[in-house]
There are 2 protein chains.
Amino acid sequence: MGRRAKIGTALKGLMNARGHHTWSLEELHSELGSVGVRADFSSVFRAMAKLEVDGHVRRVELDDARTHFEVTTEHHDHLRCATCGEVAAVPCGPMASAIEQLEILTGFDIADHRLVLTGTCLKCQQPAPQSEQRSGATAAGGSLVGGIA
Amino acid sequence: MGRRAKIGTALKGLMNARGHHTWSLEELHSELGSVGVRADFSSVFRAMAKLEVDGHVRRVELDDARTHFEVTTEHHDHLRCATCGEVAAVPCGPMASAIEQLEILTGFDIADHRLVLTGTCLKCQQPAPQSEQRSGATAAGGSLVGGIA
DNA sequence: TTTAATGCAAACTATTTGCATCACC
DNA sequence: GGTGATGCAAATAGTTTGCATTAAA
């Protein structure tokens with residue numbers, strides 16, 4: 001088996017340490033650096049590919065043009081704040097009946113779905129009490145939905 | 001204004017001639033060719049950018065890694081057959097209550113959503129009567145949903 | 001003449017791969 | 001020694017831009 005799985009391990013640790021969060025390869029790479037693990041970008045890429053195959057992470061398509069990853073949990077959808085960039089996980093339970101209706105309507109046998117919601121999070125709806133703005137998807141957040149992980 | 005809007009016009013014609021369909025730049029480029037209009041890829045790119053700004057087309061993010069376009073109609077979501085690649089439009093009405101629930105649940109003010117469904121279309125659910133399989137998103141289809149355009 | 005459209009080539013971004021090397025069993 | 005992990009560099013894929021040219025008002 002693997003004799004030197006340092007990067008993969010570090011990546012898993014990193015991702016698990018942050019609660020729900022989605023990561024681009026670039027974010028993973030640079031965060032890894034700031035945790036003291038130097039690694040080539042391609043190594044991060046390959047480690048993530050492996051983690052994906054092994055089922056530890058899942059590929060997430062936001063509308064970012066780049067691939068994001070998240071730790072594998074039960075299926076859920078994503079809600080992104082257009083202001084601060086925070087990505088929250090939302091349960092997809094509320095979608096169930098909509099999907100059922102769509103199956104009837106279209107005759108498709110729907111196997112999977114991907115929902116990306118865009119909006120404004122609670123914090124950013126405030127008149128900015130102490131300038132809570134950010135621009136990357138670097139929030140520690142995800143706390144909005146407790147029943148997910 | 002434009003003095004020579006040939007490509008843009010041809011593109012609009014092409015897209016309108018096909019009912020609902022989503023197009024990648026590559027598809028647009030090659031289809032344009034087979035309709036007899038030679039154009040550089042970058043010209044197609046720019047023409048589409050213009051059509052988008054002018055509101056004639058809309059950018060669609062499937063999970064394809066490439067950008068797709070569709071003629072602007074009322075907001076709807078997309079359902080892709082995993083077998084034949086056909087992309088159908090589905091009304092997003094059934095989503096309304098789900099989104100409402102999610103707003104309450106998360107506190108987000110949801111402004112927009114994007115839903116991509118994956119499944120098997122009616123044709124491909126059959127035992128393949130006369131081998132109806134394709135692999136690109138080249139269906140003339142979209143007829144499944146009448147109330148869309 | 002002025003302006004937008006076009007073609008060609010090249011830059012860019014993000015991802016992916018080839019290959020030699022390295023660490024660990 | 002053998003196998004997988006890693007780093008470095010380069011290839012890809014898709015998109016986008018710079019620039020000179022062309023066509024129409």
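Keep in mind that this is a model prediction, so the values were computed, not measured. Below, chains carry the letters A, B, ... as their sequence lines are ordered, and counting in each starts from 1.
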Report the distance from atom NZ of A:Lys50 to atom P of D:dT6, rounded to the nearest whole Å.
10 Å
Could you tell me the separation between the CD1 atom of A:Ile7 and the C1' atom of D:dC8, rounded to a whole number of Å?
13 Å
d(NE2, A:His29; P, C:dT15) in whole Å
13 Å
Could you check whether B:Arg66 pairs with B:Glu26 (Lys NZ or Arg NE/NH1/NH2 to Asp/Glu carboxylate O, under 4.0 Å)?
yes
Atom-to-atom span, NE2 of B:His68 to P of D:dG14 - whole angstrom:
10 Å
What is the distance, rounded to the nearest whole Å, between atom NZ of B:Lys12 and atom P of C:dA5?
12 Å
Rounded to whole Å, the CZ-C1' distance (B:Arg38 to C:dT6) equals 11 Å
Using atom CZ of A:Arg46 as one end and atom P of C:dA14 as the other, report the distance to the nearest whole Å.
19 Å
Non-hydrogen side-chain atoms of A:Leu25 and A:Thr67 separated by less than 4.5 Å
no
Working for side chain to side chain donor-acceptor pair (under 3.5 Å), residues A:Glu27 and A:His21:
CA-CA 11 Å; A:Glu27 286 172 326; A:His21 188 57; 4.6 Å; no
Is there a side-chain contact between A:Ser43 and the phosphate of D:dA5, meaning an N or O under 4.0 Å from OP1 or OP2?
no
Base, sugar-phosphate or nothing for A:Ala47? Non-hydrogen atoms, less than 4.0 Å.
nothing
Within the 4.5 Å heavy-atom criterion, are A:Leu79 and A:Asp77 side-chain neighbours or not?
no
Does a side-chain N or O from B:Ser42 land closer than 4.0 Å to OP1 or OP2 of C:dA9, or not?
no
Please work out if A:Ala49 contacts a base, only the sugar-phosphate, or nothing of the nucleic acid, heavy-atom cut-off 4.0 Å.
nothing
Which nucleotide in D:dT16, C:dC8, C:dT16 has an atom nearest any side-chain atom of B:Phe41:
D:dT16
Check each of A:Leu117, A:Leu115, A:Ile99 against B:Met95 using the side chain to side chain contact (heavy atoms under 4.5 Å, CB included) test, and report the only one that passes.
A:Leu115
From the options D:dG7, C:dA14, C:dT15, select the nucleotide whose nearest atom is closest to the side chain of A:Glu26.
C:dA14
CZ of A:Phe45 versus P of C:dT15: gap in Å, rounded?
8 Å
